[in-house]
Amino acid sequence: MTETRRKLTTIFCADVQDYTRLMGADEEGTLAMLKRYRDAMSRLIGAHNGRVINTWGDGLIADFASVVEAVRAAVDVQNELAGMNAARPADGRMLFRIGINLGDVIVDGEDIYGDGVNIAARLQASAVAGGILISNTVYDQVRNKVAVGFDFLGPLVVKNVADAVPIYAVRIGDDSSDAPLAAATAIPPDQAGPAQPGSRLNARSRKTFGILVVIAVALVGINLLSWRGVFWAAWPLLGLAILWATSWVGTQTRIDRRLGMLAVAGLGFVAINLLSWQGTFWAMWPLLGVAVAGGVRWVTRGRSRP
């Protein structure tokens with residue numbers, strides 16, 4: 001009989017998005033591609049001192065003694081696979097979803113079991129193609145040790161686990177500001193807690209918005225109480241609006257942040273033109289510059305992403 005014991009470890013789960021569709025289109029080609037991609041993944045996992053525990057179908061599970069190395073391995077995997085996918089047509093790319101959790105597991109021979117594994121598997125299933133989701137236990141260990149960004153997505157409900165698991169998306173790629181990010185199924189609105197990713201402002205954005213609203217109300221109050229026929233508060237209010245819009249764009253996971261910042265700049269020029277209106281719409285020239293910059297960004301982004 002094999003010995004059963006427990007240990008604290010970092011669980012890494014991965015599988016292929018739309019694997020059934022790929023198999024339906026080309027079984028032999030898909031299997032050959034899966035082998036190449038999984039070999040690359042196994043090599044990178046080993047390079048970060050991880051251990052591949054099992055593979056099944058299109059899935060893979062590994063564990064790491066180091067949480068930091070597990071996240072670094074996941075980022076390296078997604079970056080290398082993105083390069084491998086770059087030369088393939090959009091509908092023929094093999095995109096993996098990765099979930100990482102730090103938890104206590106049962107070790108039975110070479111296999112591991114328990115809630116720690118279940119949570120990692122649910123994170124993997126909730127990630128978008130090419131994305132990485134991590135649990136709060138992983139985030140607490142790596143947030144100041146890995147050179148990537150993170151986006152808090154709220155709590156994830158996991159079957160047979162009593163408490164929802166706070167989760168984070170890892171920003172990956174050569175430009176982490178707009179890399180593919182994971183999205184998960186959060187607690188429904190009628191069960192309280194943070195909203196689904198992208199549907200409402202996250203905690204940081206809500207706090208910033210609240211502070212700016214207080215400042216805006218104070219400025220309007222001062223303007224009205226010292227009224228001299230001029231609504232001068234419009235200018236600082238515009239500045240506050242631009243500040244909040246910039247902060248909001250920086251928290252989003254579903255949009256290209258650079259394009260979002262260009263949109264904010266364009267709207268800012270229009271607002272300044274209107275507030276200082278003297279019969280000329282001079283904002284058309286900076287808007288043209290913003291449009292050109294946005295077009296260049298869109299084209300270069302499309303070429304650099306799988």
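- By the salt bridge (Lys or Arg N to Asp or Glu O under 4.0 Å) test, Asp111 is found to be paired with no residue, residues two or more places apart in sequence or in another chain being considered.
- Side-chain contact check for Met33 versus Arg88: some heavy-atom pair is nearer than 4.5 Å.
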For Tyr19 and Thr30, run side-chain contact (heavy atoms from CB on, under 4.5 Å): C-alpha distance rounded to whole Å, both residues' side-chain angles, the deciding distance at 0.1 Å, then the answer. CA-CA 8 Å; Tyr19 181 69; Thr30 297; 3.8 Å; yes
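- Pairs engaging residues 45-56 under the salt bridge (Lys or Arg N to Asp or Glu O under 4.0 Å) rule: Arg51-Asp63, Arg51-Glu110 [sequence neighbours left out].
- Heavy atoms only, all atoms of each residue included: Ile98 and Ala14 are closest at CG1-CB, 3.9 Å.
- For residues 94-103, every residue pair satisfying the side-chain hydrogen bond (donor to acceptor under 3.5 Å, both in side chains) rule, not counting sequence neighbours, is listed here: Asp15-Arg97, Gln17-Arg97, Asn101-Ser135, Asn101-Thr137.
- Between the side chain of Arg122 and the backbone N or O of Val157, at least one donor-acceptor pair lies under 3.5 Å.
- Under the 4.5 Å side-chain heavy-atom criterion for ILVMFWY residues, a single connected hydrophobic cluster contains both Leu8 and Val142.
- Within the model, atoms CG of Leu44 and CG of Asp39 stand 11.0 Å from one another, a figure rounded to the nearest 0.5 Å.
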Side chains of residues 53-62: which donor-acceptor pairs under 3.5 Å do they make with residues two or more places apart or in other chains?
from, atom 1, to, atom 2, distance (Å)
Asp58, OD2, Val16, N, 3.0

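- Gln78 places no side-chain N or O within 3.5 Å of a backbone atom of Ile132 that could act as its donor or acceptor partner.
- Residues passing the side chain to side chain contact (heavy atoms under 4.5 Å, CB included) test with Ala271 are Leu238, sequence neighbours excluded.
- With hydrophobic clusters built from ILVMFWY side chains whose heavy atoms lie under 4.5 angstrom apart, Leu240 shares a cluster with Trp235.
- By the side-chain hydrogen bond (donor to acceptor under 3.5 Å, both in side chains) test, Asn49 pairs with no residue at all, sequence neighbours left out.
- A search for salt bridge (Lys or Arg N to Asp or Glu O under 4.0 Å) contacts involving Arg43 returns Glu80, not counting sequence neighbours.
- The structure places CE of Met94 at 9.0 Å from CZ of Arg38, a figure rounded to the nearest 0.5 Å.
- Here the closest heavy-atom approach between residue Ser126 and residue Leu156 is recorded as OG-CD1, 3.8 Å.
- Distance alone, capped at 3.5 Å, is enough to place a donor-acceptor pair between the Thr9 side chain and the Phe64 backbone.
- Pairs engaging residues 263-289 under the side-chain hydrogen bond (donor to acceptor under 3.5 Å, both in side chains) rule: none recorded [sequence neighbours left out].
- Applying the ring pair (Phe, Tyr, Trp, His ring centres under 6.0 Å) test to Tyr139 and every residue at least two apart in sequence or in another chain returns Phe150, Tyr168.
- A distance of 8.5 Å separates CG of Leu22 from CG of Leu95, quoted to the nearest 0.5 Å.
- Atom CZ of residue Arg36 and atom CG of residue Leu31 lie 11.0 Å apart, to the nearest 0.5 angstrom.
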List the atom pairs, with distances to 0.1 Å, where a side-chain N or O of residues 68-75 and a protein N or O form a donor-acceptor pair under 3.5 Å, not counting sequence neighbours.
from, atom 1, to, atom 2, distance (Å)
Glu69, OE1, His48, ND1, 2.7
Glu69, OE2, Arg72, NH1, 3.1
Arg72, NH2, Lys145, O, 3.3

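- For the residue pair Ala120 and Ile11, the shortest heavy atom distance occurs at CB-CG2, 3.7 Å.
- Under a 3.5 Å cut-off, the side chain of Asp26 and the backbone N or O of Gly29 do form a donor-acceptor pair.
- Under the 4.5 Å side-chain criterion, counting only non-hydrogen atoms from C-beta, Leu81 is in contact with Met41.
- Under a hydrophobic-cluster definition in which Ile, Leu, Val, Met, Phe, Trp and Tyr are linked whenever side-chain heavy atoms come within less than 4.5 Å, directly or via other members, Trp244 and Leu275 are assigned to the same cluster.
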Checking Leu153 against Leu133 for the side-chain contact (heavy atoms from CB on, under 4.5 Å) test, could you report, in this order, the C-alpha distance in whole Å, the side-chain angles of both residues, the deciding distance, and whether it holds? CA-CA 9 Å; Leu153 300 185; Leu133 280 183; 3.6 Å; yes
Side-chain donor-acceptor contacts of residues 218-226 below 3.5 Å, not counting sequence neighbours, with atom names and distances?
from, atom 1, to, atom 2, distance (Å)
Asn223, OD1, Trp232, N, 3.0
Asn223, OD1, Ala233, N, 2.9
Asn223, ND2, Val230, O, 3.2
Ser226, OG, Ile222, O, 2.6

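- To the nearest 0.5 Å, atom SG of residue Cys13 and atom CD1 of residue Ile119 are 11.0 Å apart.
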May I have the step-by-step check of side-chain contact (heavy atoms from CB on, under 4.5 Å) for Ile167 and Ile134, ending in yes or no? CA-CA 6 Å; Ile167 60 173; Ile134 63 174; over 6 Å; no
Could you walk me through whether Leu287 and Phe281 pass the side-chain contact (heavy atoms from CB on, under 4.5 Å) check? CA-CA 11 Å; Leu287 281 178; Phe281 187 59; 4.1 Å; yes
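- Checked by atom type, the side-chain pair Asn85/Tyr37 shows a donor-acceptor distance below 3.5 Å.
- Hydrophobic clustering (side-chain heavy atoms under 4.5 Å, transitive across Ile, Leu, Val, Met, Phe, Trp, Tyr) groups Val148 together with Leu102.
- Between atom CD1 of residue Ile242 and atom CG of residue Leu212 there is a gap of 12.0 Å, rounded to the nearest 0.5 Å.
- For Arg6, the side-chain hydrogen bond (donor to acceptor under 3.5 Å, both in side chains) partners are Asp104, not counting sequence neighbours.
- Hydrophobic clustering keeps Ile272 apart from Leu267 (ILVMFWY residues linked when any side-chain heavy atoms are closer than 4.5 Å, directly or through intermediates).
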